[in-house]
Amino acid sequence: MDHSIIIEKGIFIFIIFAITMVMAMYSTLAERKVAAWLQDRIGPNRAGAGGILQPLADGLKLFSKEEFLPDTPNKFLFVVGPAISMSVALMTSAVIPWGDKLHLFGKDIILQATDIDVSILYVFGVLSVGVYGIMIGGWASNNKFSLMSAMRAASQMISYEVAMGLALIALLMMSGTLSLREISLQQHGMHWNVFYQPVGFIIFLICSFAETNRTPFDLAECEAELIGGYHTEYSSMRMGFYLFAEYASMFISSTIIAVLYFGGYNYPGMAWAIENWGVNPANVLGIVVLFIKICFFIFFYMWVRWTIPRFRYDQLMRLGWKMLIPLAIANIIVTGIVILWADGKF
Amino acid sequence: MSIQAMSLSGRKKEVSNKKMTFVESLYLWTILKGMMITISHLFTRKVTIKYPEEVRERSVVYRGQHSLKRDEQGRENCTACGLCALSCPAEAITMTAAERLPSEKHLYREEKYAKVYEINMLRCIFCGLCEEACPKDAVYLTESKVLVPSMYDREDFIFGKDKLVMPLTQAMKNAQLNNAN
């Protein structure tokens, strides 16, 4: 096997890892800033210019706090819970196409850690494992609030994965591939999937909120009823891992929304840019465009969080099973009919 | 008028419990409306006052840290009569009186003056009764517009004359202002 590909991918994975971490870090600041702005405040502004060093200060604080271990029957699971959450949140980024390709050192470098044919299945598989982090952590905390939160998180994630998967099937019927890179390439030239699958997009978006445990579906950690839920018993950087994982998964799910429905790294006039500016500048701009889309969706997550209150648990279940799943199935049927009609089968 | 029909704010709204339609029960439209409201707040003026750099404007009757007044010639008004200490509901004020020497005529207005005048700022409730009780116009809470700062030791909160008596320069300035008027 060629050694250069290992180095190339290694460097690339390292960069993605760093970017994910930085994005997650600054999402915490962005969350506080957006919350403040939407409430007519100005938010944290003491650490660095305009509060730019706030995430570092928060991290330092979490690192230096006492690491408390509750009287739990299984210390190993208690430690492993946040680790699962964190690694799962970071693993998903492996299959995301961050850009088309760069022509460097006399060869084409594809801006994707690995282009497997079943990228979407991989993403779904890894995301489903994410609930184990919460489940194990909540259960090992030996605290009834944490356990309740873990149960809620598990049932919520399982319920919404169904609707999410069904919404995605309609998309896959159109694209005919499971590879995220292929899906990105198909959306070239403003053929963004959101224009063809608006209902599917809305279902997917709502389910993403549920999957990342964000308001209005943050029943797993509702502060008022469950005093923080599954991370009640956690302190120090273990707690930081949970919080960090939440923001990392928010970043990843924003990325997936952008790649699946908003054209990924494609932007209007990309073909023209490749012709006139060359491959590298055009594709670098593509990466920037992808990150702008991601940032918008991260902002969107926060915007929704600071607008609407949490659903009641029965409302959550009703919305998932009685509204979104029938809607997603109807969307699949309509998509199928339209595809057949477009092929002239009728 | 029945209590049901009464509206004090004029914004009363009848609550209806009618069953939601399928589209309504997706909450999408109402959520969108709510989001439009919050996004409009992103661009409104922020109400935050960045405290140490910026200080909120105080009302004219704001009662802050006490100041012991001087007259137009810069002499202390206080004659150590003790009425402020007597009126103080929190018993925050203590003082020791002394007789003025002939050489100190330029320092104190009356023959008797307060050698020690201390207010315990932890006991003080800033009610302003000392200001009302004072027959010599000597103690004021409404003038300084200063908050008592926070400190680490309880002893530091006992403010003596060094912190309470208004600076001579300011007394001079006030006198000039009065003359100009």
Side-chain angles (χ1 to χ4, degrees), chain A residues 30 32-47 49-51 163 167 198-199 201-207 209-210 214-217 296-297 299-312 314-328 330-331, chain B residues 7-60 62 64-65 121 144-153 156-157:
Chain A
R32 294 172 68 178
K33 277 286 187 187
V34 168
W37 290 332
L38 292 181
Q39 294 166 359
D40 295 349
R41 297 182 286 117
I42 53 174
N45 63 346
R46 295 285 137 171
V199 178
F201 163 67
I202 287 170
I203 297 169
F204 191 86
L205 187 72
I206 294 171
C207 294
F209 276 89
R214 295 279 303 178
T215 323
F217 305 112
F296 172 76
F297 279 106
F299 171 75
F300 187 79
Y301 269 104
M302 292 164 184
W303 182 11
V304 169
R305 169 162 184 190
W306 298 104
T307 301
I308 49 180
R310 183 183 306 128
F311 278 119
R312 223 167 46 219
D314 63 314
Q315 287 173 327
L316 170 97
M317 281 298 157
R318 205 189 49 184
L319 185 71
W321 289 101
K322 286 188 172 170
M323 313 280 165
L324 293 182
I325 291 178
L327 210 59
N331 187 39
Chain B
S7 170
L8 289 173
S9 61
R11 287 179 297 182
K12 188 178 156 182
K13 224 174 165 183
E14 235 12 273
V15 179
S16 97
N17 257 344
K18 73 171 172 55
K19 209 163 162 36
M20 288 188 287
T21 61
F22 180 79
V23 179
E24 274 177 328
S25 61
L26 284 172
Y27 305 114
L28 282 178
W29 176 243
T30 34
I31 286 174
L32 204 68
K33 273 204 289 189
M35 286 172 71
M36 285 305 127
I37 292 173
T38 42
I39 200 78
S40 72
H41 279 264
L42 198 63
F43 307 106
T44 49
R45 204 176 60 84
K46 306 300 173 215
V47 293
T48 310
I49 293 170
K50 299 175 188 167
Y51 168 59
E53 293 97 45
E54 253 174 83
V55 179
R56 186 191 295 274
E57 206 178 303
R58 309 249 185 256
S59 114
V60 277
Y62 179 81
Q65 190 187 313
M121 290 299 175
S144 68
K145 306 272 187 279
V146 174
L147 282 170
V148 176
S150 47
M151 283 168 287
Y152 288 105
D153 287 322
D156 294 339
F157 283 99

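Chain naming here is simple, since letters A, B, ... match the order of the sequence lines and numbering starts at 1 in each. Quantities reported herein were computed from a predicted structural model and do not represent experimental measurements.
For chain A, the option among B:Thr30, B:Leu28, B:Thr38 with the highest count of heavy-atom pairs below 4.5 Å is B:Thr38.
Of the inter-residue distances, the one linking B:Ile49 atom CD1 with A:Ile42 atom CD1 reads 10.0 Å to the nearest 0.5 angstrom. Atom CD1 in B:Ile39 sits 11.0 Å away from atom CH2 in A:Trp37 (nearest 0.5 Å). From B:Phe43, atom CZ reaches atom CG of A:Asp40 across 12.0 Å, with rounding to the nearest 0.5 Å.
Heavy-atom distances place no part of A:Gln39 under 4.5 Å from chain B, backbone and side chain included. Interface residue A:Leu38: backbone and side-chain heavy atoms are both found under 4.5 Å from chain B.
Partners of A:Phe217 by ring pair (Phe, Tyr, Trp, His ring centres under 6.0 Å), not counting sequence neighbours, listed by chain and number: A:Tyr160, A:Phe311.
Legend: side-chain hydrogen bond (donor to acceptor under 3.5 Å, both in side chains) pairs involving residues 46-55 of chain B, not counting sequence neighbours, sorted by first then second residue: A:Arg46-B:Glu53.
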